[in-house]
Each structure stands twice: as C-alpha cells, then as structure tokens.
J.: 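Below you'll find the structure I mean.
All values derive from a computational prediction rather than experimental measurement.
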Amino acid sequence: MAGERTGARTGEFSNWKRSTTVSSGTSAQGPRLRPTLDGIPTYKPGKPAGADAYKLSSNENPYEPLPGVLAAAVEAAGSFNRYPDMGVSELASVLAERFGVPVEHIATGTGSVGVAQSLILATAGPGDEVVFAWRSFEAYPIITQVAGATPVPVPLRENGDHDLDAMLAAITPNTRLVFVCNPNNPTGNVIHRAELERFLDAVPGDVLVVVDEAYIEFIRDPEVPNGIDLYRDRPNVCVLRTFSKAYGLAGLRVGFAVAHEPVAAALRKTAVPFGVSQLAQNAAVASLRAEEALLVRVDALVEERARVVAGLRAQGWEIPDSQANFVWLGLGERSPEFAAACAEAGVMVRPFPEGVRVSIGEADGNSIFLSVAEAFRKSL
C-alpha cells in the first residue's frame with residue numbers, strides 16, 4: 001500500500017512537471033502581473049546626501065533620538081529573534097491614554113503611509129474612487145491604484161490651499177475615501193477649523209474622511225483644529241499620525257490612526273501581520289514619554305523655519321505660510337534647475353513638477369539653501 005501511494009505521488013508530480021514544462025515552452029515571458037501596475041509610478045524618496053552635503057529632501061528630524069529612545073530600541077534588539085507584539089498593545093494603550101480615546105480606536109502600521117494603504121484596502125477596490133487634493137502627499141495616488149481603485153485628484157487653489165468646495169463636488173456615489181492633508185505636503189498650507197468642519201459635515205456619512213496630520217506638532221496657527229477633536233463625534237472621520245517627523249523615528253516605520261471602532265478594526269484586518277517591529281514599538285513608547293524634550297526640539301525647528309521664511313521673503317520670494325517642517329518654492333518647470341544648484345552647493349532638496357520642497361534641517365544647511373535661493377532669485 002505504501003508503495004502504491006508513493007507511486008501515485010510520483011505519477012502526480014511527473015504529470016505536474018510535464019504540464020509546467022509545456023507551459024514554460026509556450027510562454028517565455030514569465031508570470032502574468034496585473035496590467036494596472038504599468039501605469040503606477042514608483043514612490044520617489046528624497047535624494048540622499050553625501051558626507052559633505054545636507055539632506056533637506058525628506059522632511060526628517062535632524063536631531064538624534066530623544067532621551068531614552070535609543071536605549072529602549074537597543075534593549076528590544078536583544079530579542080529580535082522573536083516576533084514583535086502583533087497587537088502593539090503597550091503602544092496602543094499609551095496612545096489611548098495620551099489622546100483620551102478608547103484603546104479599540106487605535107490602529108498602528110508601518111508609518112502613516114502604511115496605515116493609509118490599509119485604509120484604502122479596507123474601503124476601496126476596483127470601481128471605487130479616492131479623492132484628494134493635488135499636489136499633496138505623493139503616495140495617495142500610488143496606494144490608491146495599488147488597491148485597484150481610481151484616484152480623483154482635485155487641484156489646489158492658486159495659493160496652495162485645499163479647494164474643499166471642489167473636493168466636495170468631486171465626491172460621487174463611487175467615492176469611498178477622501179484624504180485631507182493638514183498641513184499639506186508639500187506646500188505647508190493649512191485648513192482652518194470653520195472651513196474644515198463645514199466640509200466634514202457636508203461629506204456623506206458613508207464616505208471615510210482621513211485627516212492626515214503627519215506634521216501637526218509643527219503647527220503654530222491657533223485657527224488650525226486638532227483632528228482628534230473632530231473625529232470624536234463623527235464616525236466617518238479618521239485621524240492619521242506618524243512618529244517619523246517630529247519624533248524622529250523615520251527609520252523605524254511606525255504610524256497610527258485614531259478612528260471609531262469599525263474603522264480601526266478594519267485597519268487591523270488589512271495591516272501586514274507583525275509589521276511594526278518591537279524596536280519601533282518600544283522606541284515610540286519611549287518617545288511619547290520624552291515629550292517634554294520633544295517639544296523643545298520642535299520649538300527650535302519652528303524658530304528655524306521662521307528664520308528661513310523671513311530670509312526668503314526678504315529676498316523677494318512669495319511663499320506659503322508653512323505650518324510644517326519644510327518650505328515650498330513654486331518654481332514650476334525651473335524646479336530641477338534649482339534642485340541642481342542646491343546640490344552643487346551641498347544641500348539636497350526635493351523637486352516636484354510644480355515646485356521645490358525644502359525641509360528645515362540643520363542651521364548651516366538652511367543657510368546654504370538661503371544663499372542658493374538668493375542667487376537663483378536674482379537670475380529670474
């Protein structure tokens with residue numbers, strides 16, 4: 001009997017092998033991939049900087065880890081032969097206490113972009129639409145198309161603000177999700193409370209609105225609302241946050257959403273299992289506990305932002321009143337030329353077709369950028 005079973009298995013394997021051989025002989029083009037991928041651009045990170053250059057292209061925090069954070073990560077590294085806590089339980093508990101929300105309303109992921117992708121997977125697919133301002137965060141159209149849904153970009157106003165009326169008009173019965181980036185990346189513009197509340201109250205209740213607040217710690221405009229205040233009595237509002245910017249954990253990839261339980265539960269279903277490493281979890285908890293030191297560093301970056309903005313305006317540049325950790329020059333087709341001039345001088349910046357985004361980094365790097373901007377302005 002055993003020999004018969006073995007023979008049967010051998011025969012099945014031989015048949016499978018012959019079929020695959022014939023198949024490979026008739027098609028030498030390899031696996032069939034989704035044709036929609038051909039139209040999806042690859043996300044472009046900011047260019048790295050060499051040893052003698054400053055990286056002002058990725059909106060990173062230029063400071064070293066906060067007190068206690070590196071030690072927490074090193075301690076966690078001693079057990080990375082084990083899987084991390086899949087439920088991210090300690091971090092979720094600390095976040096829930098920090099923001100005064102139920103722990104069931106917290107969902108985490110690999111940076112805010114990882115959570116954003118999970119949000120789309122939870123809400124949209126082929127035939128569905130995702131609305132967002134444009135230009136805004138570069139990943140929005142990419143992760144929408146990866147899910148098979150249709151991106152619906154709505155042009156910014158001429159001054160770089162979200163056109164919320166146009167975004168509202170763009171919502172159709174096929175719309176499943178709307179991204180609102182506040183402050184907007186890459187322009188730095190913000191939406192004030194009255195305008196945003198009016199928009200949220202006009203959006204149909206079955207459409208999820210994601211308020212992306214990756215740069216909220218840098219806001220100093222008192223008229224800009226905290227998204228968590230807006231979500232509390234609006235079941236279709238989700239708030240997106242990250243530890244990559246102000247908290248300086250860009251390399252560890254940890255972000256989170258605050259949303260009502262049905263949405264947060266869906267996020268946990270669509271997240272990559274064990275996606276947030278234990279190093280990232282422990283570092284994020286330690287960062288939250290070092291918030292006093294964090295605020296000192298953020299204040300210093302805001303002061304440096306004010307210096308850069310004042311310097312640019314003194315040179316004659318018309319720029320948005322950025323509430324993030326970067327500034328925006330609307331250079332249009334001359335953006336690559338300006339980025340090349342910055343690189344030659346020793347600073348890496350981020351060019352887009354519409355303009356150039358420049359992160360607020362080390363003071364020396366910012367000063368080099370200002371020198372390049374002054375020379376370039378004179379050439380216009």
J.: Is it the case that the side chain of S287 and the backbone of A283 share a donor-acceptor pair, with hydrogens and angles ignored and the cut-off at 3.5 Å?
T.: yes
J.: Are P141 and W134 close enough that some pair of their side-chain heavy atoms sits under 4.5 Å apart?
T.: yes
J.: Can you find a pair of side-chain heavy atoms, one from W328 and one from F352, that are under 4.5 Å apart?
T.: yes
J.: According to a 4.5 Å side-chain heavy-atom criterion applied to Ile, Leu, Val, Met, Phe, Trp and Tyr, with indirect links allowed, do I319 and V190 form part of one hydrophobic cluster?
T.: no
J.: Under 3.5 Å, is there a donor-acceptor pair between the H162 and N182 side chains?
T.: no
J.: Within this structure, what is the OG1-CD distance for the pair T270 and Q117, rounded to the nearest 0.5 Å?
T.: 9.0 Å
J.: What are the two closest heavy atoms between A139 and V113, and how far apart are they?
T.: CB-CG2, 3.7 Å
J.: Between CD of E354 and CG of L331, what distance do you get to the nearest 0.5 Å?
T.: 11.5 Å
J.: Quick one: does Q278's side chain have a donor or acceptor within less than 3.5 Å of a partner on S79's backbone?
T.: no
J.: Hey, mind stepping through L121 and K269 against side-chain contact (heavy atoms from CB on, under 4.5 Å) and telling me if it holds?
T.: CA-CA 10 Å; L121 292 173; K269 289 180 180 179; over 6 Å; no
J.: When you compare the side chain of V94 with that of R289, does any pair of heavy atoms fall below 4.5 Å?
T.: yes
J.: Kindly compute the distance separating CG (D38) from CD (Q145), expressed to the nearest 0.5 Å.
T.: 11.5 Å
J.: Find out whether V254 and L91 are in side-chain contact, i.e. whether some heavy atom of one side chain is under 4.5 Å from a heavy atom of the other.
T.: yes
J.: Show, in sequence, the C-alpha distance, side-chain angles and deciding distance for D212 and Y140, and conclude whether the side-chain contact (heavy atoms from CB on, under 4.5 Å) test is met.
T.: CA-CA 11 Å; D212 187 344; Y140 294 156; 2.7 Å; yes
J.: Quick check for you: to the nearest 0.5 Å, what is the distance between W317 atom CH2 and R377 atom CZ?
T.: 6.0 Å
J.: Return yes when atom CD of E291 has more than 12 non-hydrogen atoms of other residues, nucleotides or ligands closer than 6.0 Å, and no otherwise.
T.: yes
J.: Checking Q281 side chain against A76 main chain: does a donor-acceptor pair fall under 3.5 Å?
T.: no
J.: Pairing donors with acceptors under 3.5 angstrom, does anything connect the side chains of N189 and N184?
T.: no
J.: Is any side-chain N of the basic residue among D321 and R220 closer than 4.0 Å to the acidic one's carboxylate O?
T.: no
J.: Please check if L164 and L156 belong to a single hydrophobic cluster, counting links between Ile, Leu, Val, Met, Phe, Trp and Tyr side chain heavy atoms closer than 4.5 Å.
T.: no
J.: Would a 4.5 Å heavy-atom cut-off, applied to side chains only, mark Y215 and N59 as touching?
T.: yes
J.: For A264 versus A107, what's the shortest heavy-atom pair and its separation?
T.: O-CB, 4.0 Å
J.: Can you pull the ring-ring contact (aromatic ring centres under 6.0 Å, His included) pairs that have at least one residue in residues 353-380, sequence neighbours excluded?
T.: F338-F376
J.: Is it the case that the side chain of R305 and the backbone of A324 share a donor-acceptor pair, with hydrogens and angles ignored and the cut-off at 3.5 Å?
T.: yes
J.: Is it the case that more than 12 heavy atoms not belonging to Y83 sit under 6.0 Å from its OH atom?
T.: no
J.: Are any of the side-chain heavy atoms of V211 and Y231 separated by less than 4.5 Å?
T.: no
J.: Indicate, with yes or no, if Y54 and I360 share a hydrophobic cluster defined by side-chain heavy-atom contacts under 4.5 Å among Ile, Leu, Val, Met, Phe, Trp and Tyr.
T.: yes
J.: Check G188 against F326 and note the closest heavy-atom contact, atom names and distance.
T.: N-CE1, 3.4 Å
J.: Could you walk me through whether V356 and R334 pass side-chain contact (heavy atoms from CB on, under 4.5 Å), step by step?
T.: CA-CA 9 Å; V356 177; R334 298 198 67 176; over 6 Å; no
J.: Would you say Q323's side chain and P183's backbone share a donor-acceptor pair under 3.5 angstrom?
T.: no
J.: Check whether any side-chain heavy atom of E344 sits under 4.5 Å from a side-chain heavy atom of V372, and report yes or no.
T.: no
J.: Please confirm whether the backbone N or O of P222 pairs with a side-chain atom of R193, one donor and one acceptor, at under 3.5 Å?
T.: no
J.: Evaluate side-chain contact (heavy atoms from CB on, under 4.5 Å) for L288 paired with F243, printing each intermediate quantity in order.
T.: CA-CA 9 Å; L288 287 167; F243 285 91; 3.8 Å; yes
J.: Regarding R307 and E304, does a basic nitrogen lie under 4.0 Å from an acidic carboxylate oxygen?
T.: yes
J.: When you group the ILVMFWY residues by side-chain heavy-atom contacts below 4.5 Å and let the links chain together, are I219 and V298 in the same group?
T.: no
J.: For E129 and T172, which I'm curious about, is there any donor-acceptor pair between the side chains at under 3.5 Å?
T.: yes
J.: Heavy-atom count around R34 CZ within 6.0 Å, excluding the residue itself: above 12?
T.: yes
J.: Could you measure the distance from the CG atom of L267 to the CG atom of L240? Nearest 0.5 Å is fine.
T.: 9.0 Å
J.: Measure across T242 and S244 and return the closest heavy-atom pair with its distance rounded to 0.1 Å.
T.: OG1-N, 3.0 Å
J.: If Ile, Leu, Val, Met, Phe, Trp and Tyr residues are connected whenever their side-chain heavy atoms lie under 4.5 Å apart, and connections chain through other members, are F137 and I216 in the same group?
T.: no
J.: I'd like to know if the side chain of N366 and the backbone of G361 have a donor-acceptor N/O pair within less than 3.5 Å.
T.: yes
J.: Heavy atoms only: give me the nearest P126-A147 pair and the separation to one decimal.
T.: CD-O, 4.0 Å
J.: For a side-chain contact (heavy atoms from CB on, under 4.5 Å) with L208, tell me which candidate from L177, T175, V178, V203 qualifies.
T.: L177
J.: Run the salt-bridge test on E60 and R350 with the 4.0 Å N-O cut-off and return the result as yes or no.
T.: no
J.: Using side-chain heavy atoms (C-beta onward) and a distance below 4.5 Å, is V224 in contact with H192?
T.: yes
J.: In Å and rounded to the nearest 0.5 Å, what is the CG to CD distance from D299 to E217?
T.: 12.0 Å
J.: Quick one: closest heavy-atom pair of N185 and R357, and the distance?
T.: OD1-NH1, 2.9 Å
J.: If you count every heavy atom of other residues, nucleotides or ligands that lies below 6.0 Å from E75 atom CD, does the total exceed 12?
T.: no
J.: Side-chain donor-acceptor pair under 3.5 Å between S112 and R241, yes or no?
T.: no
